[in-house]
Amino acid sequence: MSERSGSTCSSQTDGDLEGELDEEVESGEGRGQEQSSAPGFSAASFSASLRAVMRIKQKYQILKKRRQELCLAPAAAPLFGAPERGSPKIFTFDGTTPNAHAAFPPHANPQRKKKKRRRRVLFPNGGTPRTVPKGERSRATYCLYLLFAIVFLQVYNAIENLDDHVLRYDLEGLEKTLRREVYGQQGAVGGLLSHLQDYLSTYVHNKPLVVSVNGPTGVGKSHLGRLLAGHFRSVIGDALVLQYYVLHHCPQEADAPHCARNLSTRISDMVDRAEEEEKIPLFIFDEAEHMHGEILDALWTLVTSRQANEYMNAIYLFLSNLGQADVTKHVLHNSSSLSGADLAEELTPVLRNTLAKLHPLWAEADLVPLGLLEKSHVMACFLEEVTREGFYPDRANIERLAGEIEYFPAVGGQEFSKTGCKQVVAKVNLL
């Protein structure tokens, strides 16, 4: 194609050159004839013809140079709007030339995209043409969405129920009361509240909560039980709280079988009522060291029973001085480096071995030991009792009353009371 275009270019320029030269020669010959026919032919006429020849030669060189420039750039596109000189182009099947592509760029005449038509399916039953039916979604997808929604609602409802249970029992108020009213037992109070918090955060359990509070005489076991009973009566009602004093409700050993049956019946009734109200009852057994074997067996049966769900939603609190010798010995030997948390952690294995020998019920209980009270704790008990009785809280009088209490020998600069705050009420009543 390059050779064809070069020949075309040379033929076009040759034709142009010959036409212009013919015109120039004819004009030169005409002028020569006129000059020769003139009467005064001279050297001036010869110089005029020479100049004409020189002009023809210059014109020929210019046209030759133009022909070379056009032939050196055959692929260059002509200027927009400028007509292309030369012979007309003839259509051939050799394909389009680069000049044609350059003259008509792709973006100059964009082709419109044809819209795809939906194919219609003609059914052989003679029915009207119909479009292809859409594919149906699997029903399992909707079931999966429904399952996700149900699980989300269950989890959300469970979280709401946890908050409702914790708020119902007002454990924050109970904590403030116990830390304000119970002296010298901050570690035991924290452990007891931790057990209650974990158990009361939900209503579904696999076993009841059994807590055994053990400690020497006068360290605040009965006082702790009274505070718990008063708080739970205010939040769940008096009918779901039982305070059972063994020496009061069943003092005679001969009545133990009858007491055990009555206690089991009463607990069953309270548990059924609590199940209807969706609450957790509280059973407090004070002076548990005096509890008879029949009563312990009946309680052990209720605690270990897995037949009914309502018996698993209950709190059993036992208050006793069982293992007090171990508590006293441990506190006196480790008074300098002992704290409330360390006391519970170190004494729990010792107390569990001691109580397991007495009855299998204690193996089901979480142990919360109470330590000995110092002299400052005894003075705080006197101050509270004196203020309650309406006496002036004279510090010198309070120190005198606290000095009348028996103490163990001082260990590490600390004095521990042998009877705790048990004699405080009797001393104040003598004033």
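Quantities reported herein were computed from a predicted structural model and do not represent experimental measurements.
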Nearest 0.5 Å, what's the [atom1]-[atom2] distance between [X] and [Y]?
{"X": "L196", "Y": "L192", "atom1": "CG", "atom2": "CG", "value": "4.5 Å"}
{"X": "F285", "Y": "F318", "atom1": "CZ", "atom2": "CZ", "value": "5.0 Å"}
{"X": "L178", "Y": "L171", "atom1": "CG", "atom2": "CG", "value": "10.0 Å"}
{"X": "S376", "Y": "Q414", "atom1": "OG", "atom2": "CD", "value": "8.5 Å"}
{"X": "S417", "Y": "Q423", "atom1": "OG", "atom2": "CD", "value": "7.5 Å"}
{"X": "K418", "Y": "T217", "atom1": "NZ", "atom2": "OG1", "value": "13.0 Å"}

Is there a side-chain contact between [X] and [Y], using heavy atoms and a 4.5 Å cut-off?
{"X": "P281", "Y": "L242", "value": "no"}
{"X": "D198", "Y": "L209", "value": "no"}
{"X": "V271", "Y": "F283", "value": "yes"}
{"X": "Y407", "Y": "V378", "value": "yes"}
{"X": "F382", "Y": "I405", "value": "yes"}
{"X": "L317", "Y": "V213", "value": "yes"}
{"X": "V219", "Y": "V327", "value": "no"}
{"X": "L296", "Y": "L358", "value": "no"}

Tell me the closest heavy-atom pair linking [X] and [Y], and the distance in Å.
{"X": "L373", "Y": "G184", "answer": "CD2-CA, 4.2 Å"}
{"X": "K279", "Y": "I236", "answer": "NZ-O, 3.6 Å"}
{"X": "L227", "Y": "E181", "answer": "CD1-CB, 3.5 Å"}
{"X": "L319", "Y": "E289", "answer": "O-OE1, 4.0 Å"}
{"X": "L322", "Y": "L351", "answer": "O-CD2, 4.4 Å"}
{"X": "Y311", "Y": "S268", "answer": "OH-OG, 2.9 Å"}

Could you tell me whether the side chain of [X] and the main chain of [Y] form a donor-acceptor pair under 3.5 Å?
{"X": "R352", "Y": "D366", "value": "no"}
{"X": "H231", "Y": "Y169", "value": "yes"}
{"X": "H377", "Y": "E374", "value": "yes"}
{"X": "T328", "Y": "A325", "value": "no"}
{"X": "N321", "Y": "Q324", "value": "no"}
{"X": "K221", "Y": "P216", "value": "yes"}
{"X": "S194", "Y": "G190", "value": "no"}
{"X": "K375", "Y": "A402", "value": "no"}
{"X": "N353", "Y": "P349", "value": "yes"}

Problem - Residue pair V235, L174: steps toward the side-chain contact (heavy atoms from CB on, under 4.5 Å) verdict - result: CA-CA 11 Å; V235 296; L174 177 62; over 6 Å; no

Practice task
Step by step, work out the side-chain contact (heavy atoms from CB on, under 4.5 Å) result for D394 and V386.
Solution key: CA-CA 9 Å; D394 186 12; V386 167; over 6 Å; no

Practice task
Would you tell me whether Y316 and S212 have side-chain atoms, one donor and one acceptor, within less than 3.5 Å of each other?
Solution key: no

Count the heavy atoms of every other residue, nucleotide or ligand shown that sit under 6.0 Å from [atom1] of [X], and state whether that count exceeds 12.
{"X": "R388", "atom1": "CZ", "answer": "yes"}
{"X": "E406", "atom1": "CD", "answer": "no"}
{"X": "R266", "atom1": "CZ", "answer": "no"}

Exercise for the section: May I have all residue pairs that pass side-chain hydrogen bond (donor to acceptor under 3.5 Å, both in side chains) and include part of residues 245-260, sequence neighbours excluded? Expected result: Q243-Y245, H258-N262

Practice task
Check the pair W362, N214 against side-chain contact (heavy atoms from CB on, under 4.5 Å), reporting the backbone distance first and the verdict last.
Solution key: CA-CA 11 Å; W362 306 116; N214 304 84; 5.8 Å; no

Exercise for the section: Using a strict cut-off of less than 4.0 Å between a Lys/Arg side-chain nitrogen and an Asp/Glu carboxylate oxygen, indicate whether E172 and K176 qualify as a salt bridge. Expected result: no

Exercise for the section: List in chain and number order the residues that pass side-chain contact (heavy atoms from CB on, under 4.5 Å) with N429, two or more places apart in sequence or in another chain; answer none if no residue qualifies. Expected result: E389, V425

Exercise for the section: Given side-chain contact (heavy atoms from CB on, under 4.5 Å), test L361 with V303 step by step and report yes or no. Expected result: CA-CA 8 Å; L361 173 63; V303 168; 4.2 Å; yes

Problem - Candidate list E275, E276, E277, test salt bridge (Lys or Arg N to Asp or Glu O under 4.0 Å), partner R273, passing option - result: E277

